Structures are given as structure tokens and as C-alpha cells.
2 protein chains.
Amino acid sequence: MNLRELAAHLGLSQTTVSRALNGYPDVAEATRRQVMDAARQFNYRPNPAARRLATGRAGTVAILFPVERNLLVDPHFFELLAGLADMIARTEMELSLRATPPDQELDNYRRLVNAGRVDGFVLSSPTLQDPRIPELAALGAPFVVHGRTEVALPYAYLDIDNEDAFARATALLLDLGHVDIALLNGDPALGFAVDRERGFRAALAERGLAPFEGRVRNAPMTEETGYRSARALLERPERPTAILASSVLLALGVYRAARDLGLAIGRDVSVIAHDDALPYLKAETFDPPLATTLSPIRHAGYRLGEMLIDRIAGVDPQNLQEILTCDLVFRASVAPLRGEDGPRRGPTSAASRSRTKDDPRSSDRRPAR
Amino acid sequence: MNLRELAAHLGLSQTTVSRALNGYPDVAEATRRQVMDAARQFNYRPNPAARRLATGRAGTVAILFPVERNLLVDPHFFELLAGLADMIARTEMELSLRATPPDQELDNYRRLVNAGRVDGFVLSSPTLQDPRIPELAALGAPFVVHGRTEVALPYAYLDIDNEDAFARATALLLDLGHVDIALLNGDPALGFAVDRERGFRAALAERGLAPFEGRVRNAPMTEETGYRSARALLERPERPTAILASSVLLALGVYRAARDLGLAIGRDVSVIAHDDALPYLKAETFDPPLATTLSPIRHAGYRLGEMLIDRIAGVDPQNLQEILTCDLVFRASVAPLRGEDGPRRGPTSAASRSRTKDDPRSSDRRPAR
DNA sequence: TTGTAAGCGTTATCAA
DNA sequence: TTGATAACGCTTACAA
């Protein structure tokens, strides 16, 4: 069933039918209803190729990823993708996944835009001075960025409040008596690592403290580096009593190192990690369960899709800038410092101030039957 | 630059130029060369929307994934996707990633085919009686399957030789003196788990052996279940001396369980896992390094893309059925059984027979300069 | 408020 | 071996 047949069936012109379907104002309400009903009845779907050809719009959003680069080493990317695909599937748009050799990446953006093959992009894992941003801005192509950068242009982004999350996590540890806290962070070329360190330092500074020597470590966020870093930190007698980790994968390595050294997570060393809610690596199944700053990255993908659709529709990028607050999820990997003044009995007032709550994804969220 | 302009520039008709570009036979060699050169010179690219409209072909291959189902819990899926995207990017085709509610999955395949929006599909994680296969076959839509099933239809597939891989891994352990071997396997609704168990049992049977009671376990392939299963197996005195795991993630849990129980991997319990070469979970960085049956899943994605292109071009599915042999990569997680007759000194002849070799991805594969 | 008709950039049919 | 010309199915001036 195509437009001509539908129009013929209704005894109307293609024009009118097209306008009715596309929500143009100058069409009689009665006509519109008729058209809509018939379209539904015959399950009419406009041919996307024809529409593309006529409008010049591609009906496609794309996400490019460098074939060889880190992105693929990063399971978070795919979780983001899942959320994005979920959102886009609810629209008439398509999501095109495109691999590109790293050295042709900018070129590919340019080509896709100039050839009108893509209406908008999601940029993932931006660097602080990400060249894709000025490039796409210059091309006038709509895009949304997952994360903030230092690029001084008005662009649409969605980020989590990394600084706030790590400040709150640090404050919680401080409230529990910890003073020597280490930070296992990611590659500082990616903005979030910088923000997290800033939050960490700010929370310490607020109590007149600073990180001890060698307590801030930057490295790729893998189990292996988590292990190595934690091992290096914990095997010396003057070890930190708490560790903040930038990912659950890093925390996995921390757990392994602690176990190797005969240290009990929680009792001997407290751990809080940032949790992007990867479905195959759940903080709550850690032993002991891992406390986290939580922000499901899948939801971020979903929201980025919505924002991109808006951006394509012409919404000003200044109005498409969002920062999500992370939940701080308290679990048994965190405990009060065991000091000479005896164990304390739980978070102090400042800790409960900081929105501590349980995992919102737990089953008690479902409505009762 | 479009076809009309290109034709005008050459003083030829659009028809001729189009035919020259598309490799039709009835065009003079000289003309073709002229056209090709000009096309290259002006960097001419046919408009995909126009081409789609004219040909009825979509120029798109798609991969559908259920939003909620296990697939997303599975990091392997994304690695496959990366290989597929890499391949498709080298063609004129697009790769469309589509999320679908699980209950509308078949419907969505049907819609996409009938509306001519997709030229072909990659089916991932097929079940033994996967309903997508008869559905797509009935629709006459080209598709390739990652894995084999019990569906009695001629369809294109790419699979690894799971049975052979696990038979060889088992034989290696047997050669090293192990007798009580456990198998931590995945969900038996997915075909590969069945094949792996078959290989395991076959290798044992060849020596007149069978698995001990409770030694075959099926569960989702996560770190957590690996831990639980290994724990249950290893904490009893009559524990297995070797464990085969269906994934590196499971093996991670096995390592954790062994550590908890004070058992040394290699010395006290040998471990071999199947390795799909996920870039962020490397068997060679395990401590001790993890022996594996190796088959990079990314390459499978790449190859599936090639096969799908062939299938769309009309190649008979019977000629598009491939089974890849896994490499057996020997590492320190495997050691001879420590028996009353003292430690043995390494693999016996039968073991070296079984294509044991080092990780082929190591740097010595690069050509010398 | 509706209709006519001209594109959009290809490919495909048929004739030359 | 080449060239007119008609689709392909939709959107959009412009006209009525």
C-alpha cells in the first residue's frame, strides 16, 4: 500500500493525504481523521527511500566508532549503544552503526554529512579537545556528545555529575573516619577522569586534607590494572584504608588484590566504585557487595537518542545540555575505619545527608500486585 | 555531483554512465574507462536513497536484538557486532542496529522484509529450534546465522567447532593425567553448549571414561555463576582436578573460587576456558595465564558480513556454511596432575598432537622490518 | 482547505 | 553500443 493507492481509496489527492499524515496545519480535521484511520487500517508506512529522496533528509542517525581504538575495548560503549538503539527503534529513524579506520574518522563524518546520508550523530568517549566537535559544528550537522569537554562551542551534551559523585563518595568515606583514600582513575585524556579527581580533591580539601603521596592513579579501566594498582597500594604497611575506583571492572581487580594480600574488603579496606550498570558485571553480586556511585549508562544512551532527535528538529544546543546526578549506593564494601578509638557505628549525619540509598533497580520498585 | 551532471560533463547519457558504473556488459571498454575516471575524479557517489527507490533494494543489512533478553547481558554480542560493522563499512551497504521488544521480534523481521527496508539479516545466539530461521526462510529473505541449530532447513551459517575444541581440551587434560574433570557450560538451549558437552563426553569416552557425578553444570556465563559453580565443586574433598569453562568470564569466577579456597590454579586445579577474544578480558593477563580454546568472535562477525553479502547476491546457502576450528592455546593454568606417582613433566605425545600452540595474536606475527 | 504538477537521483525498458 | 523516457513513492511550491 503506497501513498497513491491510499489517496485513491480515499478519493483524495496524494498531497492532501501526505499533509494529513505529516501533521500540516492546513487540512480539515475531518479529513485528517479519515486519512489517519485509513492509514492505520491498511497499515500504511511511507517508503523511507522515497521520503529521503524527496526531502533530502536521511532518516538516519549514526554512531561512528574507530575500528582499532579503545572504544572497542570499552564495554560501556555497547551498553550506551543498546540504550540508543532502544530509543531510535521507537521512532521512524534508523540507527546506523559505522566502523571507521581511526585516521579517516573526521573525513568520514564530513562525507556522511555532505552526502546527506546521516542526519545526526552521537559522539561517544570525547577527549577534552575533541576535534569532532568543531568539525561537526562547522559542517552544521546536528550531534550530541556523551560527556563534556573543554571545547568552547555551544554543543548538546549529556553527562553525569562525576565531580559531585566522587565528592560525595569521598565525603562518605571521610565521615566514616577514613583519611588515607586512594583514587584509581581512568585515562585523564577523557574528561570524566579529570572531573572525578576534582571531586575527590574537593571533598578532601573541604576537611583541610589532601591525597597522600601516590594515591591518585590513572590507567585504562580493566580488571588487570585495578589489580596491579591495588596491589601496589595495599601491599605496603602504610596502605590506604579506602579506595575509590572509576569502574566496577577496576574494583574487581581491587577485590582480587585484597584477597591475595589477605585483606578483607569492608573491614580492612573500604571500596566504592563508579557503576555504569553493565548487566553482566553487577556490583551487588560482588562479595562483599560493592558500594557504588550509580548511573546506568544504558539510560544515558536512551536519553542521548531523545536529545539528538530534538537537536535534528532544530532545538538550540544550549537547551540540550544535561547533567545527571549519580545515586550513591551504600553496600558492605564500605565500613567505618577501625581506629584506635574503636569501631564507629555507621555513617554520621553528613553521610546520610548525601542521598545514600539502596539500589533503585531492586525488585521492591515493582508495583505490588 | 550527481549522475546527470556527470553524464553532461562526459557528453554521454545518464543511462550509459549508469551502466558503465554498475558493470553492465554492453558498454564499450573505452567508454567505461572514461566514465570510471571521471567518477573518481569528481568523487561521484550515487545517492543511496535514489538507488533504493529505483531498485527496490534497501542497501541495508540489519541486526535485531531483543531489548530485554540475554543477548544484552552478553558482551560477546557486541564484539561480533564490531567485526560485522567493520566488514559492512567496507561495502556500499549500511548496518542498521535495531532494538525490538522480544514479543514483537518475529513481527519486526516480517515488517522489515515486506517493506523492503532491509536486504539481509545476521541472526545471533540462535536457539536449537530458532523460530527466526523458518520465518525468514519463508519470507525469502537472505540471512546468515552465527551458530548451528537443529532446524532442518538449508541456511547459511558460521560456527566454530565447539565439539572438536572441547574434545581436544579434554584430551589434553587427560593426557596430563587428569581424570576427574568438570565442565562449566552455558545455557543448553543455545546450541554451542550442547556441542561442547558432546566433545567433552566424547574425549572421555575415547578413554573409557565418563564425567563424575555432578561434574557438568549449565548456567548463564557470568563471573558470579563461575564462582558459585567452582566453589560448589572445589570445596568438597573429592573435588575435580581440572575444570573446563565455556567462557573466560566463567573462568574468572573459577579463579576467584580457587583463591578463596586456597587452591592454586595450575598446581591444584587446571583450568581451560573457551576464549572469544574479548579485548577487555584477556586470558593471557590472568594470574596464572589462562589456557584457552581460542576463536576470535570479532573475526566471526567480519566473516558473517562477507557471507551475508554473498547470500544477498544470490549464493546458495548450502555453499555458505562454515565451521571454524579453534586454536588450543596452552598456558600456565594447566599442569599435569599431581598424583601418587609424582608430578609428570609436561604434555605427552597426544597433547602435542592436538595443535597446541601459542597465542597467534602475539607480536611475533608481524613481519620483521 | 484541497488539488496539480514538478521535482528528488537513480535504474530499467525499449528503441535506435 | 548508446540514448530517450518512464518509473520508483514521496514532498512541496504553486494554483485553485
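Not measured: the values here are computed from a predicted model. Excluded from the calculations below are hydrogen atoms, water molecules and symmetry mates; all remaining heavy atoms, backbone and side chain alike, are included. Here is how names work: the chains are called A, B, and so on, in the same order as the sequence lines, proteins then strands, and each is numbered from 1.
- Within 4.0 Å (heavy atoms only), A/Asn47 reaches sugar-phosphate atoms of the nucleic acid but no base atom.
- Donor-acceptor pairing under 3.5 Å is lacking for the side chains of B/Glu94 and B/Thr60.
- Residue-level contact check: B/Asp26 touches the bases, meaning some heavy atom is under 4.0 Å from a base atom.
- The side chain of B/Thr31 has D/dT1 as its nearest neighbour among D/dT12, D/dT1, C/dT1.
- Between B/Gln14 atom CD and D/dA6 atom P the separation is 13 Å, expressed in whole Å.
- As a whole-Å value, the separation of B/Met1 CE from C/dT10 C1' is 16 Å.
- Contact annotation: B/Ser13 reaches the phosphate of D/dG3 (side-chain N/O to OP1 or OP2, under 4.0 Å).
- Which of C/dA12, D/dC10, C/dT10 sits closest to the side chain of B/Ala54 comes down to C/dT10.
- Remark: B/Tyr44 is not in phosphate contact with C/dG9, judged by side-chain N or O atoms under 4.0 Å from OP1 or OP2.
- Whole-Å rounding puts the A/Arg51 CZ to D/dC8 C1' distance at 16 Å.
- A/Arg19 comes within contact range of at least one nucleobase, with a heavy-atom separation under 4.0 Å.
- Proximity of B/Ser18 to the phosphate of C/dT11: a side-chain N or O atom is located under 4.0 Å from OP1 or OP2.
- Between A/Asn22 and the phosphate of D/dT11, there is a side-chain N or O to OP1/OP2 separation shorter than 4.0 Å.
- At a threshold of 4.5 Å between non-hydrogen side-chain atoms, the residues A/Leu6 and A/Gln14 do not count as touching.
- Atom pair B/Leu21:CG and D/dT2:P shows a separation of 14 Å (rounding to whole Å applied).
- Among B/Asp130, B/Leu123, B/Thr149, B/Leu136, the single residue meeting the side-chain contact (heavy atoms from CB on, under 4.5 Å) criterion with B/Tyr155 is B/Thr149.
- With respect to the salt-bridge test (charged N to carboxylate O, under 4.0 angstrom), the residues A/Arg111 and A/Asp107 do not qualify.
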Output, in order, the C-alpha distance, side-chain angles, deciding distance and verdict of ring-ring contact (aromatic ring centres under 6.0 Å, His included) for A/Phe143 and A/Phe121. CA-CA 5 Å; A/Phe143 64 97; A/Phe121 299 90; 8.4 Å; no
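- Remark: A/Tyr24 is not in phosphate contact with C/dT2, judged by side-chain N or O atoms under 4.0 Å from OP1 or OP2.
- Going from atom CZ of B/Arg52 over to atom C1' of D/dC10 covers 15 Å, rounded to whole Å.
- Counted within 6.0 Å of CZ on A/Arg57, heavy atoms from surrounding residues, nucleotides or ligands total 12 or fewer; the atom is thus considered open.
- When rounded to the nearest whole Å, the span between CZ of A/Arg4 and P of C/dA5 equals 15 Å.
- Where B/Val27 and A/Arg45 each meet DNA chain D at their nearest nucleotide, the meeting point lying more 5' is that of B/Val27.
- Atom CG of B/Leu3 and atom C1' of C/dA12 are 13 Å apart (whole Å).
- In this structure, the CG atom of B/Asn2 is 13 Å from the C1' atom of C/dG7, given to the nearest Å.
- Along DNA chain D, the nucleotide nearest to A/Arg57 and the one nearest to A/Leu53 differ in position, and the one closer to the 5' end is contacted by A/Leu53.
- When heavy atoms are screened at a 4.0 angstrom cut-off, A/Thr15 is found touching base atoms of the nucleic acid.
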